[in-house]
Structure formats: C-alpha cells, structure tokens
J.: 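I have a structure I would like to understand better, so I am pasting it below and will then ask my questions one at a time.
Nothing fancy with the numbering, it's 1 onward along the sequence. Reckoned from all heavy atoms, side chains included, excluding hydrogens, waters and symmetry mates.
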Amino acid sequence: MFSKEIEFSAHEDYFALKEDYPTPIKLNIPDWYKKLDHTLLNKTVKGCMPFLDTLTSGYLLKIPQDFNVRHNINNKNEKGEEVKDSFQTYGLHDQSQILHVKYINLNSGIDIHPTKQVEGSPFIENNKNLPFYKILNPWKIKTPKGYSCLFVPPLNNTDDRFSIIPGIVDTDTFPNEVNFPIIINGDKYPTLETLIKKGTPYVQIIPFKRDSWKMLLKPKKQKEIQNSRLFYGLSLLNVYKNKYWHKKTWK
C-alpha cells in the first residue's frame, strides 16, 4: 500500500534518546478542532475536508531544544553595548539538548541571517528590523528520486509567536539537514520575552513529486456556472467528502 518512503535520520547518540522524533502531523490536530460538531443545522469547519487535509498532510518537526527569546527588548551584549534583541539556548542541562548542540557541531542550536538577505520584503517589518534567527535542525530528510519537500509553518495550527519562512528543497538530492529561518510575529508582539520549549511543533513537511506543468486558460460556459450554483445551493451534508474527496494516508 505504501509505495513511497520519507526517511528521517540523525546522529546515532541523538537518535537513541527517542525524543522529539518527527511524526505524521495528523498526530498534532488541535483540541479546538476535535471538539467541534458538524451537523446539518450547525455546519462548521469540522466538515470541511480541505481544511482537514491541511491538518493531516505530511510530517511534523519539533523544536530540538529550549530557546529563550528576548526580541526587540533593550539589552546589553558582552561588550556592554546596547542591543535590541537576544535569542539563545536556555540552559543546556537536558541530555537531548546537549547532544543536539554537540552532534551538529555548533555552539548553539541557532544561526543568524542579516536583514539585507531579504531586503525589501515584508518579513523585515514584521520582524522589527532585527536579524532573522535560524533553528538548526538535527534531522536529515531523504525522499525518493524525483520527490521534493515543501516546508511550511503547521498549516492552520501555527504558534502565534513565530513561524518559519517557507521553502522547497529537493530532498532526493540535497545531502544535508534543512535548517529554518524564523520570523517573530511582530504584528501581535512588538516586543517578546518568552521561552520556546523543546518539542514545540514548528515545521510541516509535505513531500511532492516534481512534475512539469503548463497553464491553460479558458472561458466558463453559462451552463457550468449554473451547475456550480446548484452545487453550492445544496443543503446536503458532506457532499464534497462523499463525492469528490480522496483519503490521504501518512504514516
């Protein structure tokens, strides 16, 4: 039944801890969604299969260690100079955090991108004109030949404090770990002092086959428009689910 495999690998000592393994993202469906009812008289997003597919498609990565965030807050660096932000590991007392740092050959689990790398983008304003921090991921991801991965914040279930910058990587040929620049949600948090705990969900991975596509444009006939209106005018429950939707399997 399963003709394709996606492989996640990490250093054997880190792997042996059995902590924060990647998982199918369907195991991370939010509680508010689970509690919803969907009936003929009370239609909710619980009955929207396109919405459900966003919550269940692909795989989930979790933050590999604690991070203490002080974003856009006046602070002093080691030289006594005034700086506007700080983002560092939060006490490497936990064995998995120590191994995460040790076996990806880093002094911390973060890296920094200057703002000039995305000059002119809306990311800069939202991040309060501060450098972009990058979470260093201990997991190498391998897909079959011809398959890439789309990396996005968990769809419709994003942490409201931060999100990754989405990207696509050809994981069938790329030989290294994929790391993730993040943006602090400056629209909601002009300043932010918080602990992002190890195990916090932060990346959704959706593998896909690379195909070549050609776009076609054509007019829609009046009869097609009338049929569409008839479809949306139906009061039946779960029409899309029962007639058009295809179940996807992720394990």
Side-chain angles (χ1 to χ4, degrees), residues 6 8 10-11 14-15 17-35 54-73 85-104 106-113 123 126-128 130-141 149-167 169 177-206 250:
I6 181 169
F8 296 88
H11 188 281
Y14 185 81
F15 185 87
L17 294 172
K18 299 182 179 180
E19 292 185 357
D20 301 324
Y21 279 5
T23 62
I25 201 166
K26 65 183 180 181
L27 302 179
N28 192 55
I29 293 177
D31 289 337
W32 67 264
Y33 179 87
K34 294 177 182 178
K35 293 175 182 177
T54 68
L55 299 178
T56 58
S57 294
Y59 303 91
L60 178 69
L61 291 182
K62 303 169 186 176
I63 291 283
Q65 65 183 89
D66 291 349
F67 290 106
N68 185 31
V69 178
R70 298 185 76 251
H71 189 76
N72 204 28
I73 295 174
D85 66 325
S86 175
F87 192 116
Q88 68 270 350
T89 57
Y90 188 82
L92 295 179
H93 53 80
D94 180 273
Q95 187 182 12
S96 66
Q97 295 176 45
I98 294 170
L99 285 176
H100 169 245
V101 170
K102 181 178 178 181
Y103 290 112
I104 55 178
L106 300 163
N107 293 321
S108 67
I110 59 172
D111 197 1
I112 297 177
H113 286 295
F123 302 145
N126 203 33
N127 207 56
K128 299 305 175 186
L130 294 170
F132 294 87
Y133 292 95
K134 182 165 67 175
I135 304 296
L136 300 176
N137 160 45
W139 296 95
K140 179 183 174 183
I141 300 162
C149 283
L150 170 65
F151 298 94
V152 293
L155 297 173
N156 290 316
N157 194 20
T158 304
D159 191 300
D160 75 344
R161 298 169 296 176
F162 74 99
S163 62
I164 68 163
I165 298 177
V169 177
E177 294 82 5
V178 180
N179 300 313
F180 303 100
I182 68 169
I183 303 169
I184 300 297
N185 184 1
D187 288 344
K188 183 172 182 179
Y189 300 103
T191 63
L192 179 64
E193 186 164 9
T194 188
L195 175 65
I196 302 177
K197 293 183 178 181
K198 181 171 71 75
T200 299
Y202 79 119
V203 180
Q204 182 169 355
I205 305 168
I206 303 176
W250 307 88

J.: N72 and T191: which non-hydrogen atoms are nearest, and at how many Å?
T.: O-CG2, 3.3 Å
J.: Looking only at non-hydrogen atoms, find the nearest pair between L136 and P64 and report the distance.
T.: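 Smallest interatomic distance, heavy atoms only, reads O-CG, 3.8 Å.
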J.: Determine the minimum heavy-atom distance between I205 and I141, stating which atoms define it.
T.: CD1-CD1, 3.7 Å
J.: List the residues meeting salt bridge (charged side-chain N to carboxylate O under 4.0 Å, His left out) with K18, not counting sequence neighbours, and say none if there are none.
T.: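 Expected list: none.
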J.: How long is the gap from OH on Y59 to CG on N28, to the nearest 0.5 Å?
T.: 15.0 Å
J.: Which distance, rounded to the nearest 0.5 Å, do you find between the CG of L155 and the CD1 of I25?
T.: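 Separation between the atoms: 7.0 Å.
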J.: Measuring from atom OG1 of T194 to atom CD1 of I196, what distance do you get when rounded to the nearest 0.5 angstrom?
T.: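 T194 atom OG1 to I196 atom CD1 measures 6.5 Å (nearest 0.5 Å).
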J.: Give, for atom CD1 of I63 and atom CG of D159, the distance between the pair rounded to the nearest 0.5 Å.
T.: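 It comes to 8.5 Å.
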J.: Please report the C-alpha distance between Y189 and F162 in whole Å, then the side-chain angles of each, then the deciding distance to 0.1 Å, and finally whether the side-chain contact (heavy atoms from CB on, under 4.5 Å) criterion is met.
T.: CA-CA 10 Å; Y189 300 103; F162 74 99; over 6 Å; no
J.: Restricting to salt bridge (charged side-chain N to carboxylate O under 4.0 Å, His left out), what partner residues turn up for D160, sequence neighbours left out?
T.: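 In terms of salt bridge (charged side-chain N to carboxylate O under 4.0 Å, His left out), with neighbours along the sequence ignored, D160 is linked to K188.
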J.: Which atom pair, heavy atoms only, marks the closest approach of P22 to F8?
T.: CG-CD2, 3.6 Å
J.: Looking at side-chain heavy atoms only, is the closest gap between R161 and N185 below 4.5 Å?
T.: no
J.: Please check if the side chain of Y14 supplies one atom and the backbone of E19 the other of a donor-acceptor pair under 3.5 Å.
T.: no
J.: What distance separates K62 NZ from I135 CD1, expressed to the nearest 0.5 Å?
T.: 16.0 Å
J.: Enter the distance from F132:CZ to I184:CD1 here, rounded to the nearest 0.5 Å.
T.: 10.5 Å
J.: Of all the heavy-atom pairs spanning G199 and D20, show the shortest one and how long it is.
T.: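 It is CA-OD1, 3.5 Å.
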J.: Between Q204 and N157, is the side-chain contact (heavy atoms from CB on, under 4.5 Å) condition met? List the steps.
T.: CA-CA 10 Å; Q204 182 169 355; N157 194 20; over 6 Å; no
J.: With Y202, which residues qualify under ring pair (Phe, Tyr, Trp, His ring centres under 6.0 Å), at least two apart?
T.: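 Once residues adjacent in sequence are excluded, the partners of Y202 under the ring pair (Phe, Tyr, Trp, His ring centres under 6.0 Å) criterion are F180.
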J.: Using side-chain contact (heavy atoms from CB on, under 4.5 Å), reason through V178 and C149 one step at a time and then give a plain yes or no.
T.: CA-CA 10 Å; V178 180; C149 283; over 6 Å; no
J.: When you measure from the side chain of H71 to the backbone N and O of N127, does any donor-acceptor pair fall under 3.5 Å?
T.: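 Side chain of H71 to backbone of N127: a pair is present.
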J.: Before you tell me yes or no, could you show the steps for Y33 and N156 under side-chain contact (heavy atoms from CB on, under 4.5 Å), namely the whole-Å CA-CA distance, both residues' side-chain angles and the distance that decides it to 0.1 Å?
T.: CA-CA 10 Å; Y33 179 87; N156 290 316; over 6 Å; no
J.: Would you find a donor on one side and an acceptor on the other, under 3.5 Å apart, between the side chain of N179 and the backbone of N137?
T.: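 Answer holds: yes.
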J.: Which heavy atom in T56 sits nearest to a heavy atom in W250, and how many Å separate them?
T.: O-CD1, 3.2 Å
